[in-house]
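No hydrogens, no waters, no symmetry mates; every other heavy atom, side chains included, goes into these values.
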Amino acid sequence: MSDKTRFGQKILIVDDSEMNRDILSEMLGKEYEIIEAENGEQAVAILQKQSVEISLVLLDIVMPVMDGYEVLAVMNSNHWIEDVPVIMISSESSPAVIDRAYELGVSDFISRPFDALIVRRRVVNTILLYAKQKKLEGLVADQIYEKEKNSSLMIAILSHIVEFRNGESGLHVLHVQNYTEIMLRRLIQITDKYNLSSDDITLISNASALHDIGKISIDDAILNKPGKLTKEEFEIMKTHSSIGASMLGELSVYQNEPLVKIAYEICRWHHERYDGRGYPDGLSGDKIPISAQVVALADVYDALTSKRVYKKAFPHETAVNMILNGECGTFNPIILECFQDVADEIERKSRSDTMDHNYERELQSVSDEMIRHEELSASERTLNLLKHERMKNNFFTAIADEIYFEYTEMPALITFSALGAKKLGIREYIMDPLQDAELMSRIGEENLKQLSGLLRNTTPKQPVIQYDCKISFNGDVQDTKVICRAVWSSDEPPRYTGAVGKFVQLGSEEMVTEILEQISFQDTLTGLMNYEYSKKLIQKVLGNRKNSKFVLAIIDVDGLDTANRKYGHAFGDNLLMHMAERVRRCIKKGDIAARAGGDEILLFVECDGDREEEIRRIFASLGEENGVFPVSVCIGAVMADLTDVTYDVLLLEAGQALCAAKKSGKGQICFYDSSMKDLMSVFTPIDERHL
């Protein structure tokens with residue numbers, strides 16, 4: 001095994017002198033993988049794509065296009081300097097030069113001419129120092145995560161005890177937390193009246209788990225009475241809000257903890273109503289804390305749509321109408337507006353939770369997943385995923401006869417595919433594109449400004465634009481259609497961070513139409529069909545078929561919530577993209593694969609004759625754990641062999657089969673049979689005790 005293989009570390013050498021780059025590469029090439037850039041602009045482009053993989057930058061000061069100081073400024077603005085150490089290399093050794101370099105964050109300074117021993121020693125020392133620093137940061141982060149996980153786990157366990165006594169499904173607390181978070185995130189998008197930060201939203205969502213803790217003191221005979229409560233019983237039931245608040249108020253040691261303060265507000269006042277007709281204190285308007293107002297609406301919605309010992313469930317549309325029509329009490333008009341805006345998202349989340357979560361097992365899986373994957377750190381797994389995606393992207397753009405580009409706001413950098421740059425007759429990497437004369441001459445200043453304006457006026461839900469213009473391809477001006485997708489951050493509110501797109505030379509209208517249709521029908525994360533389009537397509541197939549047999553399956557990625565909590569949503573997104581790619585490789589032309597929301601993938605395939613066994617083999621292969629991405633799936637499937645069967649019936653039965661699969665554990669496959677028909681709620685009236 002060579003040293004390079006053993007270390008597996010990359011060094012980026014940035015110097016406009018080819019001879020200097022060759023000397024440094026010769027000194028370090030046996031121990032490290034070397035990447036070279038001949039100016040600062042190239043270096044920034046490489047860091048933009050590979051900063052997570054680069055262990056060290058050797059950076060010259062005086063260079064054309066962009067000098068070393070400008071590179072350091074960009075690294076600081078993007079916080080790359082925090083993770084990627086820089087050693088400045090220069091023949092300039094005046095105190096002023098060195099001081100400025102250190103002020104911009106360099107770790108060390110090496111003067112030319114180079115001494116091989118000094119270069120190697122300082123490179124090794126710098127890389128080891130940063131590695132130790134990252135390890136310490138990781139240990140601290142793990143300790144913080146463990147503390148937060150244990151706190152959340154204790155809240156969940158305590159809340160679950162209350163649910164167990166109350167005869168609820170075990171999902172009520174999870175539902176209320178999720179709906180509260182969804183509505184609060186919408187609230188801060190439409191008003192700044194309540195001055196809520198992202199941390200505040202997380203705190204309120206976590207504290208909502210304790211909203212019914214006072215029910216632990218209510219007699220079981222009242223709490224789980226199948227029939228309607230008497231007036232006296234209802235008065236006793238109403239005391240749970242003040243009892244829960246008293247329990248939290250008596251935690252004298254923790255009264256200054258923000259979680260306890262918010263939980264107290266929610267416990268005491270989540271049954272207050274905006275018109276003052278709630279209990280226990282008859283508060284009205286914004287005298288009711290915003291935390292309690294939002295949890296109150298989340299609680300009522302889940303009570304309406306969930307099965308209880310004394311009731312069955314209302315459908316989503318009926319529940320929404322009841323709330324908006326004031327049948328469940330009066331709510332803050334702004335919160336009702338938020339609820340109406342996100343009602344579809346709440347329904348999808350409710351369906352996902354009902355079909356996908358065995359809550360008790362999910363609590364245990366947090367520690368199980370950590371133990372199982374302790375040999376591979378989060379950063380290493382994320383790095384593997386990033387390398388895999390970059391490899392695919394580089395391959396496809398290299399072989400495609402198209403002009404692809406990627407633009408980022410910070411830094412302001414546009415990157416063209418190699419073939420695209422050659423066709424346009426420009427560089428692959430261009431900093432500050434609106435100021436670049438070469439790019440202006442090819443695309444035109446007005447076109448660039450128009451594109452920039454159109455992209456900034458998109459939204460996360462409608463990010464795609466198209467623009468017709470004339471562009472110079474190596475002196476040949478041609479009619480061109482530019483198709484772009486804006487990239488928005490996951491912050492609240494979202495920020496425009498750049499765009500990806502392609503230039504299509506007109507003349508093949510069919511090609512343009514195909515591209516636009518593909519964008520419209522695709523899920524932007526996985527590349528599969530989106531749910532709405534797949535539903536229409538499946539309904540059309542079912543309506544036109546004669547004697548064909550089909551399978552409809554819902555595929556759930558096990559443990560994705562745990563991956564999101566432990567490693568972050570970017571890691572979870574990559575896992576889902578990986579599973580989508582595996583599904584895509586298994587299906588044939590004419591099969592339908594779509595993202596159904598969350599971590600669900602919908603699969604609809606024809607299985608006449610021998611193909612039924614092939615379908616079962618596909619499902620089995622998806623359920624196997626993968627060596628690079630240790631993840632399994634549960635699958636609920638239903639055979640559609642009746643000519644009059646509807647999409648809604650098939651979806652319900654597939655969901656019931658998925659419930660059965662999840663009950664059996666991870667990596668399970670279940671085909672629907674009549675024994676599964678009671679595994680999901682049916683629609684029946686609500687009891688007043690939760691309103």
Side-chain angles (χ1 to χ4, degrees), residues 168-169 171-172 174-187 189-190 273-274 293-308 310-357 461 530-540 542-543 552 554 594-598 600 602 636 638 645-656 658-659 677-691:
E168 294 176 349
S169 65
L171 287 168
H172 178 61
L174 181 65
H175 285 166
V176 171
Q177 284 182 305
N178 287 335
Y179 305 157
T180 297
E181 181 177 359
I182 291 170
M183 285 191 284
L184 285 171
R185 295 204 180 280
R186 179 57 183 159
L187 181 66
Q189 290 177 345
I190 65 174
R273 291 297 176 261
Y274 204 65
Q293 291 188 52
V294 176
V295 171
L297 184 49
D299 189 33
V300 166
Y301 172 80
D302 191 59
L304 289 169
T305 56
S306 299
K307 185 178 180 180
R308 296 288 186 269
Y310 48 84
K311 61 170 279 295
K312 293 184 179 179
F314 277 124
H316 166 76
E317 294 79 7
T318 303
V320 170
N321 289 333
M322 289 175 68
I323 291 170
L324 295 178
N325 293 335
E327 297 176 43
C328 306
T330 307
F331 294 95
N332 186 333
I334 297 177
I335 297 176
L336 283 176
E337 181 184 345
C338 292
F339 175 68
Q340 195 167 12
D341 289 346
V342 298
D344 291 343
E345 183 180 354
I346 284 176
E347 182 193 20
R348 288 194 297 271
K349 189 65 180 174
S350 172
R351 184 180 61 190
S352 172
D353 289 338
T354 303
M355 292 194 299
D356 299 347
H357 291 278
K461 289 187 177 180
N530 61 45
Y531 175 74
E532 289 76 13
Y533 181 64
S534 69
K535 178 180 178 180
K536 292 177 184 177
L537 208 56
I538 294 171
Q539 288 174 325
K540 183 177 180 180
L542 291 173
L552 179 72
I554 301 172
R595 185 184 181 194
E600 307 160 17
L602 197 70
V638 58
V645 71
T646 66
Y647 171 82
D648 290 336
V649 169
L650 288 178
L651 186 68
L652 177 65
E653 291 177 346
Q656 291 167 333
L658 181 60
C659 285
K677 65 181 180 180
D678 295 325
L679 288 179
M680 294 176 69
S681 300
V682 292
F683 303 141
T684 50
I686 177 80
D687 186 276
E688 67 177 352
R689 75 187 70 180
H690 274 317
L691 302 182

Self-check item: Heavy-atom closest pair, residues M183 and V294
Solution: CE-O, 3.6 Å
Quiz item: Any side-chain heavy atom of E327 sitting closer than 4.5 Å to one from I323?
Solution: no
Quiz item: Hey, is the main chain of N321 close enough, under 3.5 Å, to the side chain of N325 for a donor-acceptor pair?
Solution: yes
Exercise. Hey, could you give me the OG1/CD distance between T646 and Q539, rounded to the nearest 0.5 Å?
Key: 8.5 Å
Quiz item: Going from CD1 on I554 to CD on E653, what distance comes out if it is rounded to the nearest 0.5 angstrom?
Solution: 11.0 Å
Quiz item: In Å and rounded to the nearest 0.5 Å, what is the CG to OH distance from D299 to Y179?
Solution: 11.0 Å
Quiz prompt | Any side-chain heavy-atom pair of I538 and L602 under 4.5 Å | solution = yes
Quiz item: Are L324 and Q340 close enough, and set up right, to give a side chain to side chain contact (heavy atoms under 4.5 Å, CB included), and what steps lead you there?
Solution: CA-CA 8 Å; L324 295 178; Q340 195 167 12; 3.9 Å; yes
Quiz item: When rounded to the nearest 0.5 angstrom, what distance separates CG in N332 from CZ in F339?
Solution: 14.0 Å
Quiz prompt | Y301-H175 aromatic ring centre distance below 6.0 Å | solution = no
Quiz prompt | NZ/NE/NH1/NH2 to OD/OE distance under 4.0 Å, R185 and E181 | solution = yes
Quiz item: Between atom OG1 of T305 and atom CD1 of I346, what is the distance when rounded to the nearest 0.5 Å?
Solution: 9.5 Å
Quiz item: Passes side chain to side chain contact (heavy atoms under 4.5 Å, CB included), R186 versus E345? Steps please.
Solution: CA-CA 11 Å; R186 179 57 183 159; E345 183 180 354; over 6 Å; no
Quiz prompt | Shortest non-hydrogen contact from F331 toward Y274 | solution = C-CB, 3.7 Å
Quiz prompt | Distance (rounded to the nearest 0.5 Å) between L304 CG and H316 NE2 | solution = 11.5 Å
Quiz prompt | Side chain T318, main chain F314, donor-acceptor under 3.5 Å | solution = no
Exercise. Please report the shortest heavy-atom distance between C338 and L187, naming the atom on each side.
Key: SG-CA, 3.4 Å
